[in-house]
Each structure stands twice: as C-alpha cells, then as structure tokens.
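Read through the structure below, which is laid out as structure tokens, and then see the notes.
Reminder, nothing fancy here: chain letters follow the sequence lines and each chain counts from 1.
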2 protein chains.
Amino acid sequence: MTGTRVTIGEAARRSGVPAKTIRFYEESGIIAPAARDTNGYRFYGESDVETLRFIHRARDLGFSLKDIGDLLALYRDQGRASRDVKDLALRHVAELERRIAEMTAIRDVIKTLAERCHGDHRPDCPILEDLAHVPQKVS
Amino acid sequence: MTGTRVTIGEAARRSGVPAKTIRFYEESGIIAPAARDTNGYRFYGESDVETLRFIHRARDLGFSLKDIGDLLALYRDQGRASRDVKDLALRHVAELERRIAEMTAIRDVIKTLAERCHGDHRPDCPILEDLAHVPQKVS
DNA sequence: CTTGACCTTCCACCGACTGGAGGGTCCAGC
DNA sequence: GCTGGACCCTCCAGTCGGTGGAAGGTCAAG
C-alpha cells in the first residue's frame with residue numbers, strides 16, 4: 001500500500017499513454033485529477049498506472065472516451081452486471097461492423113472504377129467521369 | 001452559357017452540399033470564392049453546382065478534402081494523365097483496406113471476448129478482465 | 001408594415017489528441 | 001556554486017470536416 005509514487009513521464013512509460021495525453025484525460029474528466037507533489041508535479045500510484053493501461057487497451061480496441069468512462073465505472077463497480085459490459089461491447093461491435101460495411105462498399109466502388117481506368121498518359125478516366133456525373137448511390 | 005444564377009440555398013438543394021458546408025469549402029479554399037450579387041449574396045452557376053456535386057460524391061467515397069482538391073485539379077486539366085487519377089484512387093483504396101483490416105481485427109477481438117461473457121446479472125466478465133490485464137496486442 | 005425565409009459574418013464546439021511557447025524544477029557533473 | 005539537460009507545469013493553437021448559433025441585413029408575400 002506504500003505505492004510507488006511515479007511522475008507523469010514514468011506513468012506514461014509504464015502505461016503506454018503519452019504524458020500529454022494523460023493530462024488531457026485528466027482535463028477531460030476521464031480520470032480523476034492526479035495527486036500533486038510539493039513542487040506541483042503530478043504523481044501516480046500503481047493503481048493509477050493500471051487505470052491508464054486499461055484506458056490504453058480500450059482505446060486500442062476503438063472505444064470512445066465516453067464508453068471508456070462507462071467501462072471504468074463498470075470495472076470499479078463490484079456489483080456490476082456482466083450484461084451491461086457485454087451490451088456496451090456489442091454496441092461497439094455493431095458500430096464497427098457498420099463502418100466496415102460502409103468502407104468495404106466504398107472500396108469496392110473505387111476499386112472497380114480504378115480497374116476500368118487505363119492508368120497511363122491518356123486523359124480519359126472513368127473515376128473522374130463517375131465523380132462528375134454521379135451515376136448511382138453508394139450508401 | 002447565360003447560366004442560371006442560383007443562391008447558395010438553391011445550390012445546396014441541387015448539389016446535396018449544405019449551404020453552411022459550401023461556405024466552409026470556400027473558406028478552406030477547396031472551391032473558389034463565389035461571385036456576389038449586388039446585395040452581397042453569393043450566387044452560383046451550373047458549373048459551380050456541378051463542382052459541388054463532384055465534391056459531394058467524392059466525400060461520399062471517403063476522399064479527404066485535400067485529395068478532392070487534387071481530383072478537381074486533375075478533372076479540370078484536359079491534359080491530365082489518367083495514371084495520376086488512378087494512383088490517387090488506389091492510394092485511397094489502400095488506406096481504406098488498412099482501416100478495414102484494423103477494424104476487423106478489433107471487432108474480432110471484442111466479439112470473441114463478448115462471446116465468452118455471460119451477459120447476465122453476475123459481475124465476472126472476460127471483457128473487463130482483458131482490458132484490465134492487457135494480455136496480447138491487437139495491432 | 002410586418003412576418004418569415006432567406007442571406008451575411010463571426011465565433012464556438014465536436015473527438016481525441018498533438019505541438020509548441022514560455023516558464024519552473026531537479027539532479028549530475030564540474 | 002553554476003550550468004546543462006531532462007524533466008515538469010500551464011495555456012493556446014492546430015488538426016479534420018464540418019455543425020450550431022448569435023446578431024444582423026434583404027427580400028417577397030400578404
């Protein structure tokens with residue numbers, strides 16, 4: 001419980017979250033304001049670093065800071081229902097799938113147009129023709 | 001060539017680009033400053049509306065405003081090489097595929113974790129455990 | 001002459017940072 | 001004791017592609 005008191009730079013190294021981003025997280029309320037040393041420097045304990053790692057991992061998985069706030073609250077709530085966590089995760093999965101489908105559709109359109117483009121010195125190009133004449137919808 | 005002079009609202013209706021966004025495009029240099037009527041109102045001709053439709057379509061296909069500027073320049077350059085258009089398009093396809101792959105990997109991780117989560121009243125949850133203990137990397 | 005739908009400009013905000021200016025602190029070496 | 005470099009601090013601006021709103025001018029219908 002003595003806890004290793006580390007500076008923001010060391011917390012950054014241990015969590016993978018840049019110092020600047022840690023300050024930003026504090027500012028935006030996703031983490032509580034850090035304790036301060038007599039010189040005004042922030043310091044962090046082991047559990048703070050764990051929280052930062054949690055956030056880092058969740059960001060890597062594409063969760064918004066808003067969702068991460070909710071996930072952290074659930075994480076800390078011993079009486080949570082796993083249903084709430086699962087629901088949040090599945091909503092994120094649904095959103096990812098929506099975006100994947102959207103991007104895949106776009107990619108296919110452009111790829112098809114590019115395949116029909118000579119790609120040489122000549123100026124005629126189905127890609128520009130598509131953009132200019134807006135033939136069919138994508139979404 | 002007399003050209004139907006339309007207001008920004010009408011240009012918005014005809015192009016699908018909101019009036020506010022048209023002003024934003026002008027401000028950010030993607031389109032030239034519109035001509036002004038005696039009352040200071042912007043007005044747009046047929047070719048301006050076509051340009052806006054071009055941009056609208058290109059945005060739908062996920063091109064950045066920077067890329068759209070380049071595409072417009074190529075579109076207007078009668079002596080363009082279709083290679084340049086194709087290259088730009090294929091760079092965009094590559095970026096889309098990178099993002100699709102990234103999101104798909106993330107989705108699979110979360111989906112797998114969610115499948116292992118009871119999703120009921122009980123508090124134990126592999127999703128939170130993953131986030132807390134950061135077992136493997138995603139990217 | 002008023003009402004409402006337009007148009008104008010300017011400024012602020014979204015998400016999730018990132019970069020930089022300008023300044024304070026701390027420690028190691030000389 | 002002093003200097004240098006690596007930290008730390010706060011605050012402001014910029015990224016990208018808009019969107020929302022305030023405050024005010026214009027125009028046509030009733």
Fill in: Ion pair check, B:Glu102 and B:Arg99, cut-off under 4.0 Å
no
Listed pairs, N/O of protein and of nucleotides 7-10 of chain C, under 3.5 Å:
from  : atom 1 : to      : atom 2 : distance (Å)
C:dC7 : OP1    : B:Thr7  : OG1    : 3.0
C:dC7 : OP1    : B:Gly9  : N      : 2.6
C:dT8 : OP1    : B:Arg42 : N      : 2.7
C:dT8 : OP1    : B:Arg42 : NH1    : 3.0
C:dT8 : OP2    : B:Arg23 : NE     : 2.9
C:dT8 : OP2    : B:Arg23 : NH2    : 2.7
C:dT8 : O3'    : B:Arg36 : NH1    : 3.4
C:dT9 : OP1    : B:Arg36 : NH1    : 3.4
C:dT9 : OP1    : B:Arg36 : NH2    : 2.9
C:dT9 : OP2    : B:Arg42 : NH1    : 2.9
C:dT9 : OP2    : B:Arg42 : NH2    : 2.9

Discussion item. Between B:Thr21 and D:dT19, is there a contact of a side-chain N or O with OP1 or OP2 at under 4.0 Å?
Written reply: yes
Response to the item:
From CD1 of B:Ile68 across to C1' of D:dG18 the rounded distance in Å is 13 Å
Worksheet item: Where the side chain of B:Asp108 meets the backbone of B:Ala105, is there a donor-acceptor pair that is under 3.5 Å apart?
Response: no
Worksheet entry | Between D:dT19 (P) and B:Glu27 (CD): distance, integer Å | 16 Å
Worksheet item: Hey, does the side chain of A:Arg14 reach the backbone of A:Ala11 with a donor-acceptor pair shorter than 3.5 angstrom?
Response: no
Worksheet item: Starting at CZ of A:Phe24 and ending at C1' of D:dT15, how long is that distance when rounded to a whole Å?
Response: 13 Å
Worksheet item: Donor-acceptor pair, A:Ser64 side chain versus A:Asp67 backbone, under 3.5 Å?
Response: yes
Practice prompt. Could you tell me the separation between the CG atom of B:Leu65 and the C1' atom of D:dG18, rounded to a whole number of Å?
Written response: 9 Å
Discussion item. Between P on D:dC16 and CD1 on B:Ile30, what's the gap in Å once rounded to a whole number?
Written reply: 12 Å
Name every donor-acceptor pair, under 3.5 Å, that has one atom in a side chain of residues 33-41 of chain A and the other anywhere in the protein, sequence neighbours excluded.
from    : atom 1 : to      : atom 2 : distance (Å)
A:Arg36 : NH1    : A:Gly40 : O      : 2.8
A:Asp37 : OD1    : A:Arg5  : NH2    : 3.3
A:Asn39 : OD1    : A:Tyr41 : N      : 2.9

Worksheet item: How long is the line joining CG of A:Asp60 and P of C:dA16, in whole Å?
Response: 14 Å
Worksheet item: Roughly, in whole Å, what's the span from CD1 in B:Ile22 to P in D:dG18?
Response: 12 Å
Response to the item:
Taken to the nearest whole Å, CG/A:Asp37 to P/C:dC26 is 8 Å
Item to complete: Pick base, sugar-phosphate or nothing for B:Ser28, based on heavy-atom distances below 4.0 Å to the nucleic acid.
Response: nothing
Enumerate donor-acceptor pairs with a distance under 3.5 Å from any side-chain N or O in residues 82-95 of chain B to protein atoms, sequence neighbours excluded.
from    : atom 1 : to       : atom 2 : distance (Å)
B:Ser82 : OG     : A:Gly119 : N      : 3.2
B:Ser82 : OG     : A:Asp120 : N      : 3.1
B:Ser82 : OG     : A:Asp120 : O      : 3.3
B:Ser82 : OG     : A:Asp120 : OD1    : 3.3
B:Ser82 : OG     : A:Arg122 : O      : 2.9
B:Lys86 : NZ     : A:Ala114 : O      : 3.3
B:Lys86 : NZ     : A:Cys117 : O      : 2.9
B:His92 : NE2    : B:Leu61  : O      : 2.8
B:His92 : NE2    : B:Gly62  : O      : 3.3
B:Glu95 : OE1    : B:Arg98  : NE     : 3.2
B:Glu95 : OE2    : B:Arg98  : NH2    : 3.1

